[in-house]
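Following this message is one structure expressed as structure tokens.
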Amino acid sequence: MSIYDDLGVKTVINGVGPATRLGGLPVSEPVWAAMREAMSVTVRISALQAAAGRRLSSLLGVPACYVTSGAAAALTLGTAVALTGSDSARVDALPNTTGMPNRVIIQRAQRDPYDHAVTAAGAELVEIGYPHTTHTSELERAIDERTAAVLVRPGAPGNLLTLRTISEIAHAHGVPVIVDGALRVPPIERLQQFFADGADLVAVSGGKKFRAPQATGILCGRPELIAAVALHHQDMDEREQTWMSGEHADSPEPWAPSAPPRHGIGRSMKVGREQIAGLVTAVDRYVNAPGEDDRAGLAELDILQEQLGAQASTTVTRGFEESLDVPVLHLDLSRTGVDIDTVIRALATGDPAIAVGEDHAWRGVLTVNPLALLPGDGARFAEAFTRTLDRLGAESATADGASA
Ligand SMILES: *Cc1c(COP(=O)(O)O)cnc(C)c1O
């Protein structure tokens with residue numbers, strides 16, 4: 001009996017992809033094996049973090065890395081470092097930012113619900129520009145002695161300031177630039193380009209296309225900034241007499257405070273051995289066995305497309321999800337005469353339960369992402385989808401007849 005049967009929880013065919021509300025993607029066997037192995041013996045987390053950081057930065061070709069419990073946690077930790085550096089008193093004070101620069105500037109066009117991860121550290125967001133444009137002068141005017149960082153979320157359309165322009169202006173004022181790369185990385189080339197364009201810190205998700213354990217992420221950045229992350233994040237139940245501050249960090253300059261801080265704001269975002277080992281293995285696989293773990297889901301997408309092709313009322317086309325760098329199916333329901341929200345709910349509560357992408361629901365189109373599809377899901381999806389549409393179509397015809 002599976003744990004889900006035991007608990008009485010229904011499994012779901014995941015046509016959405018790496019969504020946190022659906023628990024993310026399945027992990028590959030090598031990732032599993034690494035997690036199991038990592039949990040069977042004890043190591044110091046500080047040593048493991050430092051070693052994992054070195055391996056990740058060499059795999060990804062970036063200056064330094066730190067393993068977090070997700071890209072959102074990476075944004076909080078990155079903001080915390082921008083607010084405090086390695087000042088123990090400031091680390092202890094967060095999220096109270098009295099007496100320190102605490103403003104994070106963001107272009108209005110790049111606002112996102114994940115901004116909460118930045119304000120959680122104690123920062124205050126300052127918007128510049130308009131929904132589709134920002135002027136250079138608006139950034140120049142906004143930066144002052146209260147500015148702690150500039151947050152950049154690439155990918156939004158509009159005549160916006162480029163990362164390169166932002167970095168030049170911010171750096172001229174000694175202000176670091178934090179990039180939310182969660183929806184843009186991988187591909188790894190984009191991550192490297194962020195650094196080429198001047199990023200100081202980049203938040204990356206492990207649970208998206210890297211296929212690492214769902215609750216993992218990476219904060220990439222300049223070594224002296226990354227070295228300070230541990231102060232906010234690691235367990236500080238230490239005696240000051242024996243605390244080995246910065247013992248494992250690869251910092252080009254002394255960064256460790258003279259006295260240890262207490263548990264920081266990141267303590268509630270802890271990562272375990274298994275998460276760190278799983279993430280490193282998943283990124284290694286992404287780099288050294290490219291595409292291999294995506295193949296099974298893509299085959300299911302082909303099966304689904306073929307079997308739904310026979311469905312006269314639904315137009316099935318192939319799309320491409322640029323943000324996740326993956327092909328998807330678009331199921332256009334606009335000619336079926338059935339309300340799309342009713343279809344989504346019926347699929348979610350049906351047997352088997354199916355979750356579909358809703359990004360294009362406003363125009364009558366469902367999206368199917370292949371990354372989480374398991375062997376057999378394509379055929380099961382096609383059968384359940386056809387059955388559901390037939391039933392809802394018949395019901396709405398009856399209702400129309402009754403009201404006529
Ligand atoms: C997914 C996402 C995050 C959060 O990533 P997690 O790894 O789930 O914490 C942050 N920012 C953006 C833009 C995202 O799409």
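Computed from a prediction, not measured in an experiment: that's the story for all the values here. Just follow the structure's listing: the first ligand is 1, and inside any ligand the first atom is 1.
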Original post:
Does E322 come within less than 4.0 Å of R184, counting only side-chain N to carboxylate O?
Top reply: yes
Original post:
Does any non-hydrogen side-chain atom of Q307 lie less than 4.5 Å from one of E383?
Top reply: no
Pairwise, report which nitrogen or oxygen atoms of ligand 1 are under 3.5 angstrom from protein nitrogen or oxygen atoms, and how far apart they are.
from	atom 1	to	atom 2	distance (Å)
ligand 1	7 (O)	A71	N	2.8
ligand 1	7 (O)	S205	OG	2.7
ligand 1	9 (O)	A71	N	3.1
ligand 1	9 (O)	A72	N	2.9
ligand 1	11 (N)	D180	OD1	3.2
ligand 1	11 (N)	D180	OD2	2.8
ligand 1	15 (O)	K208	NZ	2.7

Original post:
Hey, are S28 and R211 close enough side-chain-wise for a donor-acceptor pair under 3.5 Å?
Top reply: no
Subject >> Set of side-chain contact (heavy atoms from CB on, under 4.5 Å) partners for S334, sequence neighbours left out >> reply: D332
Original post:
For residues H173 and D144, is any side-chain donor paired with an opposing acceptor at under 3.5 Å?
Top reply: no
**OP:** Indicate whether any N or O donor in one side chain lies under 3.5 Å from an N or O acceptor in the other, for T119 and E124.
**Re:** no
